[in-house]
Amino acid sequence: MFMRLSRSFLPTLKENPAEAQIVSHRLMLRAGLIRQTASGIYAWLPAGLKVLRNISQIVREEQDRVDAQEVLMPTLQSADLWRRSGRYDAYGPEMLRIQDRHKRELLYGPTNEEMITDLFGQTVKSYKDLPQVLYHIQWKFRDEMRPRFGVMRGREFLMKDAYSFDVDYASAVATYRRMMLAYLRTFQRLGVRAVPMRADTGPIGGELSHEFLILAPTGESGVFYDAALEDQDWLDEPVDTNSPEALEAFFNRVTTPYAATDEMHDTAAWEAVPDDRKREGRGVEVGHIFYFGTKYTQSMDVSVSGADGAQFFPEMGSYGIGVSRLAGAIIEACHDENGIIWPDSVAPFRAGILNLKSGDTLCDAVCEQIYAKAPEAFLYDDRPERAGVKFADADLMGHPWQIVVGPRSAKEGRVELKRRATGERQELSVDEALTLVLAG
RNA sequence: CGGGGCGUGGCGCAGCCUGGUAGCGCGCGUGUUUUGGGUACACGAGGCCCCCGGUUCGAGUCCGGGCGCCCCGACCA
């Protein structure tokens, strides 16, 4: 794509579109990341697509790190598949049902348990091939009664969904815990604090369902948690993911401090948390992990041979991360009155190059020199606009860094480097600035 | 699905009550001006007023129907 702003499809808006009520939706529209094409359905423009890809890539790396294997299943699924599990009739009007030219019944997948279970069953025949964890990052469609909040609650959305198959409960628990670690690492790398909270397990019961919520004032549920959950660095945490004991210790550490959404809130337990550690607010759900045993292997009759030669139904779990929702949720958590403040890891561009005097030989030369060093990392604002316009747009788009090139400092071969998150500015040589920006 | 609101140049809105052939700000184009935080002036382009039907000499405006979008609620990655 073009990284020169003068030639980019990056339409920033000065005013808030009337339909956008919450801050992330407004900023996504104003910063030129998305455009709505129908209720709850969005087109991702070049900068927005970069964000989606950056998020996906981090999700992917952390899934791979716990030995999940990436596949790609289709968006369209056959109704027959869902009849096997009994969900075709059970799912209700949220499922978009489609007919092809031969009047065959299809549906746009809202989730993939049936399809993955079928795929698994076609392939895996022995306990020796377990465990298996498969995931994909694919568009889903749920015909929500009321889409809202931009991409946070769209009808079409990009989701990473993983599915695990284990020989027994103990093994399934280990897989679940491994995935929980992967999630904590994923969200940490995305620059947000997502707190895992016990979720309702419905008819299946047990304690193996957790939602991950990001604190944001516009969140959909109330959350209460112990500040002890805030400071842990999971990226360097040496958890031996092959050891069930180590996984259990890890799991206990994560789940012992109090954390609950308003639905699961336990007032008595909350009272026991020291006042200075109480954290209370609104939360956006960005991930959900769930153990559901043999629900689908049984209903779809997918079994494998055990060591004793007898057939058994593998134990399953599913693990979702709302990728497109995260784009909005991150903005909810990371912005100020001037615009987005992207975490370095998801920013569409590492830095904006602001040419304060396009057309000036010296300014142009300095900008081109910087831009040539790493064109993929920069958005070069070469438009013949006034300085104020460029400052405002750079703040709005939220580049982690702004490299400001104006005639004043360019004469001395220097540029001004601004850190978006802190507003801190410093005058540096071109090389010094490049080193800082490209290092992180 | 219940309740409410809106649909007028690209964006934000006024005009509708009290029918007479469309206006403001921003943006866009050209020129001048300005040159480190959305500069100022001038000129200019751009509108089946969501759609269909009705009333009327005449409908953006009144009436009926439809479609689309948003907000509150119940429900959800």
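Note on naming: letters A, B, ... go to the chains in the order of the sequence lines (proteins, then strands), and numbering restarts at 1 for each one.
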Student: Identify whether any heavy atom of A:R425 sits under 4.0 Å from a base atom; if not, whether one sits that close to sugar-phosphate; answer base, sugar-phosphate or nothing.
Tutor: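 Base: the residue A:R425, judged by heavy atoms under 4.0 Å, touches a nucleobase.
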Student: Need the pair for B:G37. Rule: Watson-Crick or G-U wobble, both distances under 3.5 Å, any strand; none if unpaired.
Tutor: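 Answer to the pairing question: none, since B:G37 forms no Watson-Crick or G-U pair.
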Student: Could you name each residue pair satisfying salt bridge (Lys or Arg N to Asp or Glu O under 4.0 Å) that touches residues 12-33 of chain A, not counting sequence neighbours?
Tutor: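 Applying salt bridge (Lys or Arg N to Asp or Glu O under 4.0 Å) to every pair that reaches into residues 12-33 of chain A, excluding sequence neighbours, yields nothing.
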Student: In terms of the angle between their ring planes, are A:F250 and A:W234 parallel, tilted or perpendicular, with boundaries placed at 30° and 60°?
Tutor: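 It falls in the perpendicular class, over 60°.
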Student: Show me the protein contacts with nucleotides 29-34 of chain B, counting only N or O atoms at under 3.5 Å.
Tutor:
unit_1	atom_1	unit_2	atom_2	d
B:U34	O2	A:R386	NE	3.1

Student: Which residues in residues 17-24 of chain A have at least one heavy atom lying under 4.0 Å from any atom of RNA chain B?
Tutor: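 Residues of residues 17-24 of chain A under 4.0 Å from RNA chain B: A:P17, A:A18, A:E19, A:Q21.
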Student: With no angle test and no hydrogens, is the base of B:G36 tied to the side chain of A:E416 by a donor-acceptor pair under 3.5 Å?
Tutor: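 A donor-acceptor contact between them is present.
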Student: I need a per-nucleotide contact map over nucleotides 5-10 of chain B, read 5' to 3'. Cutoff is protein heavy atoms under 4.0 Å; write B for the base, S for backbone only, - otherwise.
Tutor: ------
Student: Output a table of nitrogen or oxygen pairs between the protein and nucleotides 41-43 of chain B separated by less than 3.5 Å.
Tutor:
none

Student: Which residue pairs pass the ring pair (Phe, Tyr, Trp, His ring centres under 6.0 Å) test with at least one member in residues 68-90 of chain A, sequence neighbours excluded?
Tutor: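 Pairs touching residues 68-90 of chain A that pass the test: A:W82-A:Y91.
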Student: Rounding to an integer number of angstrom, what distance separates B:A14 and B:C1 when you compare their P atoms?
Tutor: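 B:A14 and B:C1 have their P atoms separated by 30 Å.
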Student: Look at the rings of A:H25 and A:Y42 and say which category their plane angle falls in: under 30° parallel, 30 to 60° tilted, over 60° perpendicular.
Tutor: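 Aromatic pair A:H25/A:Y42 classed perpendicular.
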Student: Rounded to whole angstrom, note down the C1' distance from B:C49 over to B:C13.
Tutor: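 Rounded to whole Å, the distance is 14 Å.
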Student: Let me know, please, whether A:G40 or A:D393 comes out on the 5' side of the other along RNA chain B by nearest nucleotide.
Tutor: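 Upstream on the strand: A:D393.
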Student: Measure from CG on A:L396 to P on B:C11 and round the result to the nearest Å.
Tutor: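 Result: 17 Å.
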Student: Which residues pass the side-chain contact (heavy atoms from CB on, under 4.5 Å) test with A:A38, not counting sequence neighbours?
Tutor: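 side-chain contact (heavy atoms from CB on, under 4.5 Å) check on A:A38 returns A:I41.
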Student: Dump the intermediate steps for ring pair (Phe, Tyr, Trp, His ring centres under 6.0 Å) on A:Y291 and A:Y176, then the final yes or no.
Tutor: CA-CA 7 Å; A:Y291 160 78; A:Y176 182 92; 7.5 Å; no
Student: Apply side-chain contact (heavy atoms from CB on, under 4.5 Å) to A:D67 and list each qualifying residue two or more places apart in sequence or on a separate chain.
Tutor: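 Result, side-chain contact (heavy atoms from CB on, under 4.5 Å) vs A:D67: none returned.
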Student: Between B:G23 and B:G15, how far is it from one C1' atom to the other, in whole Å?
Tutor: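 7 Å, rounded to whole Å.
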Student: Is there a Watson-Crick or G-U wobble partner for B:A42 with both distances under 3.5 Å, and which nucleotide is it?
Tutor: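 The answer is B:U30, by the H-bond criterion.
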Student: Does anything in residues 107-118 of chain A reach RNA chain B, meaning a heavy atom under 4.0 Å, and if so which residues?
Tutor: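 Going residue by residue through residues 107-118 of chain A, none turns out to have a heavy atom under 4.0 Å of RNA chain B.
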Student: Base, sugar-phosphate or nothing for A:D395? Non-hydrogen atoms, less than 4.0 Å.
Tutor: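 Base, at least one base heavy atom under 4.0 Å.
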Student: Would you tabulate the pairs of protein nitrogen or oxygen atoms and nucleotide nitrogen or oxygen atoms of nucleotides 74-77 of chain B closer than 3.5 angstrom?
Tutor:
unit_1	atom_1	unit_2	atom_2	d
B:A74	N6	A:R148	NH2	3.2
B:C75	O2	A:R153	NH2	3.0
B:C75	N3	A:R153	NH2	3.1
B:C75	N4	A:R148	NH2	2.8
B:C76	O2	A:R153	NE	3.0
B:C76	N3	A:R153	NH1	3.4
B:C76	N3	A:E220	OE1	3.1
B:C76	N4	A:E220	OE1	3.1
B:A77	OP2	A:E285	OE1	3.2
B:A77	O3'	A:E285	OE2	2.4
B:A77	N6	A:G154	N	3.4
B:A77	N6	A:G154	O	2.8

Student: Should B:A77 form a Watson-Crick or G-U wobble pair with both distances under 3.5 Å, which nucleotide is its partner?
Tutor: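 Checking every strand shown, B:A77 finds no partner, since no pair has both distances under 3.5 Å.
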Student: Is there a Watson-Crick or G-U wobble partner for B:U18 with both distances under 3.5 Å, and if so, which one is it?
Tutor: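 Because no pair has both required distances under 3.5 Å, B:U18 counts as unpaired.
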Student: Verify ring pair (Phe, Tyr, Trp, His ring centres under 6.0 Å) between A:Y319 and A:H210, making sure each step is shown before the conclusion.
Tutor: CA-CA 10 Å; A:Y319 317 86; A:H210 287 84; over 10 Å; no
Student: Would you kindly give the CZ-to-C1' distance between A:R383 and B:C28, to the nearest whole Å?
Tutor: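 Taking atom C1' of B:C28 as the reference, CZ of A:R383 is at 14 Å.
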Student: Classify the ring geometry between A:Y380 and A:Y371 as parallel (under 30°), tilted (30 to 60°) or perpendicular (over 60°).
Tutor: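 Tilted, since the angle between the ring planes falls between 30° and 60°.
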Student: Of the nucleotides B:C70, B:G36, B:G38, which has the atom closest to the A:S39 side chain?
Tutor: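 Selected nucleotide (nearest to the side chain): B:C70.
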Student: Verify whether the ring centers belonging to A:F157 and A:W139 lie closer than 6.0 Å.
Tutor: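 No.
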Student: Check the orientation of A:Y296 and A:F292. Use parallel for under 30°, tilted for 30 to 60°, and perpendicular for over 60°.
Tutor: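 Aromatic pair A:Y296/A:F292 classed perpendicular.
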Student: Can you tell me, in whole Å, how much space there is between the C1' of B:C62 and that of B:C70?
Tutor: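 Roughly 26 Å separates the two C1' atoms.
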Student: Just how far is it from atom OG of A:S221 to atom CD of A:E285, taken to the nearest 0.5 Å?
Tutor: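 Output value for this atom pair is 7.0 Å.
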Student: Return the value, rounded to whole Å, for the distance between atom CG of A:L29 and atom C1' of B:G12.
Tutor: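 These atoms are roughly 14 Å apart.
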Student: Please confirm whether A:K140 makes a cation-pi placement over A:Y108, using NZ or CZ under 6.0 Å from the six-membered ring centre and within 45° of the ring normal.
Tutor: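 No cation-pi geometry.
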Student: Taking salt bridge (Lys or Arg N to Asp or Glu O under 4.0 Å) as the cut-off, I'd like each qualifying pair that reaches into residues 75-91 of chain A, sequence neighbours left out, listed once.
Tutor: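 Residue pairs with at least one partner in residues 75-91 of chain A: A:D80-A:R83, A:R83-A:E105, A:R84-A:D118, A:R87-A:E113, A:R87-A:E114.
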Student: Tell me yes or no: between the side chains of A:R185 and A:Q188, is some donor less than 3.5 Å from an acceptor?
Tutor: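 No donor-acceptor contact under 3.5 Å links the two side chains.
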Student: Please say whether the positively charged group of A:R420, taken as NZ for Lys or CZ for Arg, lies over the ring of A:W401, i.e. under 6.0 angstrom from the six-membered ring centre and within 45 degrees of the axis.
Tutor: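 So A:R420 doesn't make the cation-pi contact.
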Student: Checking side chain to side chain contact (heavy atoms under 4.5 Å, CB included) between A:V405 and each of A:I370, A:L354, A:L356, which is the one that passes?
Tutor: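 Testing A:V405 for a side chain to side chain contact (heavy atoms under 4.5 Å, CB included) against A:I370, A:L354, A:L356 leaves exactly one candidate, A:I370.
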Student: Any strand counts, and the cut-off is 3.5 Å on both contacts for Watson-Crick or G-U wobble. Which nucleotide pairs with B:C24?
Tutor: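 When the pairing criteria are applied, B:G12 turns out to be the nucleotide that pairs with B:C24.
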Student: With both distances under 3.5 Å as the test, what is the Watson-Crick or G-U wobble partner of B:C67?
Tutor: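 B:G7 - that is the nucleotide pairing with B:C67, both distances being under 3.5 Å.
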Student: Can you run down the salt bridge (Lys or Arg N to Asp or Glu O under 4.0 Å) pairs that involve residues 402-415 of chain A, sequence neighbours left out, and say none if there aren't any?
Tutor: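 Listed once each, the pairs are A:R414-A:E427.
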Student: Looking only at the side chain of A:K14 (C-beta and beyond, no hydrogens), which of the listed nucleotides B:C28, B:G27, B:U35 gets closest?
Tutor: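 The answer is B:G27, which lies nearest to the side chain.
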